[in-house]
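Input: a single structure, listed below in structure tokens.
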Amino acid sequence: MDDQETEHGGRAEASTDLGTVVLDVRGLRWASQQSTVTGVLGRRPGVLDVETNPVAQTATVVYDPGRTSLAELRHWVTECGYHCAGRSVPSHLCDPMAEPGPPAPSPDETGGHDGHDGMSMAGMVADLRNRFLVAALFSVPILLWSPIGRDVLHLDLPVPFGLREDVWALLLSLPVILHSCTIFFAGAWRALRARTLDMMVLVAVAVGSGWLYSLVVTLTGGGDVFYEAVTVLASFVLLGHWFEMRARGGANDAIRTLLDLAPPKALVLRDGEPVEVPTAEIVVGDLLLVRPGARIAADGTVEEGTSEIDESMVTGESLPVHKEPGSSVVGATINANGTLRVRATKVGSDTALAQIVQLVQQAQNSKAPGQRLADRAAFWLVLVALIGGAVTLTVWLIAGRSFGDAMLFAITVVVITCPDALGLATPTAIMVGTGLGAQRGVLFKNALGLENSARVRTVVMDKTGTLTRGEPEVTDVLTDARTTEEDLLRLVAAVERESEHPLARAVVRYAEARGFAGERAVDFENVPGQGAIARVSGHRVVVGNRRLAEREGVDLAELARDREGLATTGRTVVIAAVDGRAAGLIGIADAPRETSGAAVRELHALGVEVVMLTGDNRATAERIAGQLGVDTVVADVLPGDKAAKVAELQAGGREVAMVGDGVNDAPALARADLGIAIGAGTDVAIETADLVLMRSDPLDVPTALRIGRGTLRTMRQNLGWAIGYNALALPIAAGVFEPAFGFVLRPEIAALAMSGSSFVVAVNALALKRLRLPDGGRPSAPAPR
């Protein structure tokens, strides 16, 4: 099967035999409703695994394309009573050659249906609000004419139209039951059809049984009724979940922000004239006109113009990046000043932004191991609630209490044991954690990687390109007594400017930065593998290694000891001779990145051991390690042996993260407990890594570990709260403490406590956004225009 999905049902990724699709399932108002979709799809032929995310409103399905199809999967979701929406990525981020499909509603939509129960998250928030307002509006007069109004508030209101109080309460309850509560009854019917149990079943049983019991009492002459308990119960459930849904909507701010980055229109030069076209119509090879302040519509290469580009929204790099002809640019970044002409090289789903969105959604749709257990526990908790309610009713009847009292206790048990908080405990934390990482250019590929990052105790870092720049830089300039540094650099730079060798370019950059590169060389001679010779300002200048110096009969004299000192510390030494005399030495090495030292210190603050793994010689490795404070150095390692070294460290019983460039470090990245690809730039689809860092900044490594630890801590707090709440609430609701303390928990208060529990879980997850991260990792980015 092709990796690109050919129907509108979602994004598909496939191996040779199996397919994986992410379906957008609209209408999952409650976390426990995921069991309905999971139950129905899981029993269908050809479906091997289903993971439903109630926060992201998605279902990830692994299936056998030979036995079922995407169309059938979508049909089965619709049969559950939910709406299977189109793409979750706007069309201008999708491959223009793919089969077109209806785009999903914007996350900012305020409501409306796009099919049966096909509301956006914002639409469902508005719907819950409206249902709550109706329930609250009619609950207030019911309370005023109830025993609570008469006995507690001491009101003695005449009943309108001469009706009995219970008949008047019945009439007022009808809008609540027939409008506000229909989502409970419809959801319960879906769950029972799917042969599963969820929160909707519990609320429907509690509301339905209380109202039907009261109806029977009213129709048979009157008596104690529960209309006020039922309507206030419905009001509090709707109120709590209205607030909870608003909090859950905030968990997906990262995806919303990313999707809003892509400009819907672009200026394409056609016959030399700019023509505005939809971004989805850009094809590879188009020449884009990008004016100051505009967003770049696609990944490409600058052909004309210079400017500064704000890439903070994609790579997390806060400082503007200079661009000139030949420079690569990333789609969705902002052109700060100059006008550019950019040749499109990647469009649609191939752009960096589309890959980032896909990775973040992939992580948010995955489940941590703890969530799978919580999902199973939620199903059994519903069963426990129903059985507990029946047992409570029976026990109190046997104990001699009235049927009304026993029913009150039973309804309270059913309501307060709703497992919605348990179902939300980890998805909300994962959504916020992965979103927080995405905003800083730290892309977790799945929930398991997020969880594993919290457990890492040893970080193995490749040296070249990770801790160091990966290109040579001048570190030392030494001269003899008769030569100044300025004279040496002026002469040597003139010779090296004529060479294409990386060491020569490093010397020229160093001299130019100090303003010592104005001379011009003549009679240039390149000596392969040794250096170069030329005449500069009438002097014969020899620049090269020791072999060239020996060939030219240059005696190092007083510089011999300095040369040995530089060589033993891992530097490459360039000897410069003027007119046959050794005039100076230039030490060149791969210099550490500016943030490498801070990254090591941050890792140490987290209690993490830092290991440098490199194929370089030990002297070079020890020099860099000494500068940075690295704990352990493993040098002279062949690329193929890096995975074995990682395995040796794992044998000590510690969780190991491997940080590399994602290419020659692929086996080691795959072997580590957490593979971190650093310096991915715009090529973010690193297959072997669990975590992708969008820019070459080692300080993002401790940032990722802090996000992982904060997310795991929040997940544990949420699970602990959800389990502890139910363990404590169940006996209170059942009336266990009523004989001793006279304390009775009414159903409406139980509803408020249950909804409050879910709200606490969602808000606790959102608190992750305030997680303290390394200050040097990402300075404040300028606001987009």
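Worth saying up front: this structure is predicted, and the values here are computed from it rather than measured.
Two residues are said to be in side-chain contact when any heavy atoms from C-beta on lie closer than 4.5 Å; Tyr510 and Val477 meet this criterion. Counting heavy atoms from C-beta outward, Val634 and Glu648 have side chains that stay 4.5 Å or more apart. Residues Glu311 and Lys323 meet the side-chain proximity criterion, which asks for heavy atoms closer than 4.5 Å. Counting heavy atoms from C-beta outward, Ile309 and Ile296 have side chains that approach closer than 4.5 Å. The shortest side-chain heavy-atom distance between Thr306 and His322 falls under the 4.5 Å cut-off. When side chains are defined from C-beta on, Thr483 does not count as touching Val578, because their heavy atoms never get closer than 4.5 Å. With contacts defined as side-chain heavy-atom distances shorter than 4.5 Å, the pair Ile575/Leu548 does not qualify. With contacts defined as side-chain heavy-atom distances shorter than 4.5 Å, the pair Ile678/Asp700 does not qualify.
Although no hydrogens or angles enter the test, the distance criterion places no donor-acceptor pair under 3.5 Å between the side chain of Arg341 and the main chain of Leu289. A distance-only check finds no donor-acceptor pair linking the side chain of His539 to the backbone of Val541 [under 3.5 Å]. In this structure, Arg469 contributes its side chain and Arg593 its backbone to no donor-acceptor pair below 3.5 Å. Not one N or O on the side chain of Arg535 forms a donor-acceptor pair closer than 3.5 Å with the backbone of Asp523. Distance alone, capped at 3.5 Å, is enough to place a donor-acceptor pair between the Asn335 side chain and the Arg291 backbone. Proximity of a side-chain donor or acceptor of Asp476 to a complementary backbone N or O of Val573 within less than 3.5 Å is not detected. Of the possible donor and acceptor atoms, none in the side chain of Thr458 sits under 3.5 Å from a partner among the backbone N and O of Val656. In this structure a side-chain-to-backbone donor-acceptor pair under 3.5 Å is present from Ser453 to Leu450.
Contact between Leu556 and Ala582 at its shortest, heavy atoms only, is CA-CB, 4.0 Å. Minimum interatomic distance between Ala454 and Gly708 (heavy atoms only, all atoms of both residues): CB-O, 3.3 Å. Nearest heavy atom pair, residue Thr351 against residue Lys346, reads CG2-O, 3.3 Å. Counting all heavy atoms, side chain and backbone alike, Ala672 lies closest to Val646 at CA-CG1, 3.9 Å. Closest approach of Ser307 to Ala336, counting heavy atoms only: OG-N, 4.0 Å. Taking both residues in full, the closest heavy atoms of Asp299 and Ala352 are given as OD2-N, 2.9 Å, listed atom of the first, atom of the second, then distance.
The structure places CG of Asp487 at 9.5 Å from CD of Glu519, a figure rounded to the nearest 0.5 Å. To the nearest 0.5 Å, atoms OG1 (Thr614) and CD1 (Ile624) are separated by 9.5 Å. A distance of 6.0 Å separates CZ of Arg623 from OG1 of Thr475, quoted to the nearest 0.5 Å. Within the model, atoms OG1 of Thr466 and CE of Met658 stand 7.0 Å from one another, a figure rounded to the nearest 0.5 Å. Expressed to the nearest 0.5 Å, how far CG of Leu287 lies from CG of Leu340 amounts to 10.5 Å. In this structure, Leu613 CG and Met461 CE are separated by 12.0 Å, a value rounded to the nearest 0.5 Å.
More than 12 non-hydrogen atoms from other residues, nucleotides or ligands lie less than 6.0 angstrom from CZ of Arg581. Within 6.0 Å of CZ in Arg546 there are 12 or fewer heavy atoms belonging to other residues, nucleotides or ligands.
The only option from Val460, Val456, Val630, Thr632 that meets the side chain to side chain contact (heavy atoms under 4.5 Å, CB included) definition with Glu609 turns out to be Thr632.
Sequence neighbours left out, the pairs with a member in residues 549-565 that pass side chain to side chain donor-acceptor pair (under 3.5 Å) are Arg540-Glu552.
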Worked check of side chain to side chain contact (heavy atoms under 4.5 Å, CB included) between Val611 and Lys645 | CA-CA 11 Å; Val611 177; Lys645 294 296 181 182; over 6 Å; no
Output, in order, the C-alpha distance, side-chain angles, deciding distance and verdict of side chain to side chain contact (heavy atoms under 4.5 Å, CB included) for Leu448 and Asp690.
-> CA-CA 8 Å; Leu448 182 60; Asp690 303 300; over 6 Å; no
Go through the steps for Glu500 and Arg505 under the test side chain to side chain contact (heavy atoms under 4.5 Å, CB included), then give the verdict.
-> CA-CA 7 Å; Glu500 294 297 323; Arg505 290 197 295 271; 4.1 Å; yes
May I have the step-by-step check of side chain to side chain contact (heavy atoms under 4.5 Å, CB included) for Leu674 and Leu705, ending in yes or no?
-> CA-CA 10 Å; Leu674 180 71; Leu705 299 192; 4.3 Å; yes
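Side chains of Asn452 and Glu655: a donor-acceptor N/O pair is absent below 3.5 angstrom, by distance only. Between Asp631 and His604, the side chains place a donor N or O and an acceptor N or O closer than 3.5 Å (distance only, hydrogens not considered). With 3.5 Å as the limit, one finds no donor-acceptor pair spanning the side chains of Arg440 and Thr703.
The pair Arg455-Asp673 does not count as a salt bridge, with every side-chain nitrogen at least 4.0 angstrom from each carboxylate oxygen.
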